[in-house]
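Structure, as structure tokens:
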Amino acid sequence: MRMAPMLSATLAKLADTSFRTDPIGGDKYSRATSIISSAYKRHGQLLGRALLERLKDCDRFQVWTEDAFKLAMASREELLLGMPPTAYREVLLPYGEMEQVIPVDLIVYDAAAQTLRSYNVKRGNGAYDAGKKRIILNELLRVQMHLAGYGRSMGFDVDRAEAQIIFYYGLRSIPEPFSLIAEELDDHFHFPVRNAIESLNDQFREGLYALIEGDAPI
């Protein structure tokens with residue numbers, strides 16, 4: 001299993017989680033609370049990597065991550081126009097100038113369809129405040145504006161480019177068509193991905209429970 005090293009490393013880091021004993025919780029429950037809190041934060045990374053590894057098995061796709069996607073000042077200025085979000089899918093800006101960079105969890109190119117899609121993956125099991133939602137949407141729209149140019153700068157023929165966020169467990173912090181949830185993924189990719197992700201979730205859950213209960217083989 002390609003995810004095994006990352007899963008083991010994640011559980012090992014959770015085993016080393018430091019915590020402050022709460023007067024009410026005591027050592028046992030303070031430790032469990034700290035581990036679970038850290039696990040929630042790390043789980044989103046596991047979801048994104050599990051999806052990436054599964055999509056590598058599809059012959060139609062080229063799949064990779066982008067740790068430093070460049071956003072130019074031009075895309076920030078476009079946001080100031082205040083257009084409806086879907087209108088920004090028609091704004092095509094060149095790629096290369098850099099006002100800031102952000103990570104993109106997953107980029108998928110389908111040469112036959114000439115589509116380039118980007119995804120950031122979040123657990124989607126909790127709500128963000130209004131300020132955080134605005135930041136998420138603004139970054140997504142800026143990626144959208146540069147995405148076709150990014151693909152063409154790499155030599156790809158790009159007929160359609162779409163940036164989206166996956167809120168895996170269903171609580172969308174931004175609306176469709178810019179968001180996806182777990183139940184939509186197989187149809188979206190026209191390729192089965194969800195079972196592979198859930199298999200990883202089962203293994204992570206088993207290792208996490210064993211760690212909390214004190215019998216994990218870490």
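Since the structure is predicted, the reported quantities are computational estimates derived from the model, not experimental observations.
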Got a sec, which hydrophobics cluster with [X], joining ILVMFWY side chains under 4.5 Å apart, including via others?
X    : answer
L140 : L79, L81, M83, Y88, V91, L93, Y128, I136, L137, L141, M145, I165, F167, I174, F178
L47  : L51, L52, L55, F61, V63, L106, V108, Y119, V121, I166, Y168, Y169, L180, L185, F189, F191, V193, I197
I24  : none
L92  : none

Can you list the steps and then say if R49 with M3 is a side-chain contact (heavy atoms from CB on, under 4.5 Å)? CA-CA 8 Å; R49 181 63 176 274; M3 286 295 298; 3.3 Å; yes
If you compare all heavy atoms of G126 against all heavy atoms of L171, which two are closest, and at what distance to 0.1 Å?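 Answer, listing the atom of G126 first, then L171: N-CD1, 3.6 Å.
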Are more than 12 heavy atoms from other residues, nucleotides or ligands located less than 6.0 Å from atom [atom1] of [X]?
X    : atom1 : answer
E184 : CD    : yes
K28  : NZ    : no
D129 : CG    : yes
K133 : NZ    : yes

V158-W64 co-clustered via ILVMFWY side chain contacts under 4.5 Å: yes
Please check if V101 and L71 belong to a single hydrophobic cluster, counting links between Ile, Leu, Val, Met, Phe, Trp and Tyr side chain heavy atoms closer than 4.5 Å. no
d(R194 CZ, I181 CD1) to nearest 0.5 Å is 8.5 Å
Report the distance from atom CG of L147 to atom CG of L116, rounding to the nearest 0.5 Å. 4.5 Å
Flag, side chain of S199 to backbone of N195, donor-acceptor distance under 3.5 Å: no
Would a distance-only check, ignoring hydrogens and angles, find a side-chain to backbone donor-acceptor pair under 3.5 Å from Q144 to S118? no
Any pair with a residue in residues 65-83 that passes side-chain hydrogen bond (donor to acceptor under 3.5 Å, both in side chains), sequence neighbours left out, goes on the list, sorted by first then second residue, please.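 Output for this query lists E66-Y150, S75-R142, S75-H146, R76-E99, R76-Q100.
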Could you please spell out the steps behind the side-chain contact (heavy atoms from CB on, under 4.5 Å) verdict for R117 and H188? CA-CA 11 Å; R117 293 187 170 95; H188 174 76; 3.9 Å; yes
Quick one: do Y109 and M154 satisfy side-chain contact (heavy atoms from CB on, under 4.5 Å)? Show the steps, please. CA-CA 11 Å; Y109 179 63; M154 298 178 68; over 6 Å; no
For D57, which residues count as a side chain to side chain donor-acceptor pair (under 3.5 Å) partner, sequence neighbours excluded?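 Checked D57 against side chain to side chain donor-acceptor pair (under 3.5 Å); matches are R2, R54.
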Hits for salt bridge (Lys or Arg N to Asp or Glu O under 4.0 Å) against D202, two or more places apart or cross-chain, chain-then-number order -> R205
What residues, two or more places apart in sequence or in another chain, satisfy salt bridge (Lys or Arg N to Asp or Glu O under 4.0 Å) together with R31? none
Please enumerate all residues that pass side chain to side chain contact (heavy atoms under 4.5 Å, CB included) together with [X], with sequence neighbours excluded.
X    : answer
P94  : none
S30  : F19, T21, D22
A113 : D110, T115

Between side-chain atoms of residues 36-46 and protein atoms elsewhere (two or more places apart, or another chain), which donor-acceptor pairs fall under 3.5 Å?
{"residue": "S38", "atom": "OG", "partner": "S34", "partner atom": "O", "Å": "3.2"}
{"residue": "H43", "atom": "ND1", "partner": "R123", "partner atom": "NE", "Å": "3.0"}
{"residue": "H43", "atom": "NE2", "partner": "N201", "partner atom": "OD1", "Å": "2.7"}

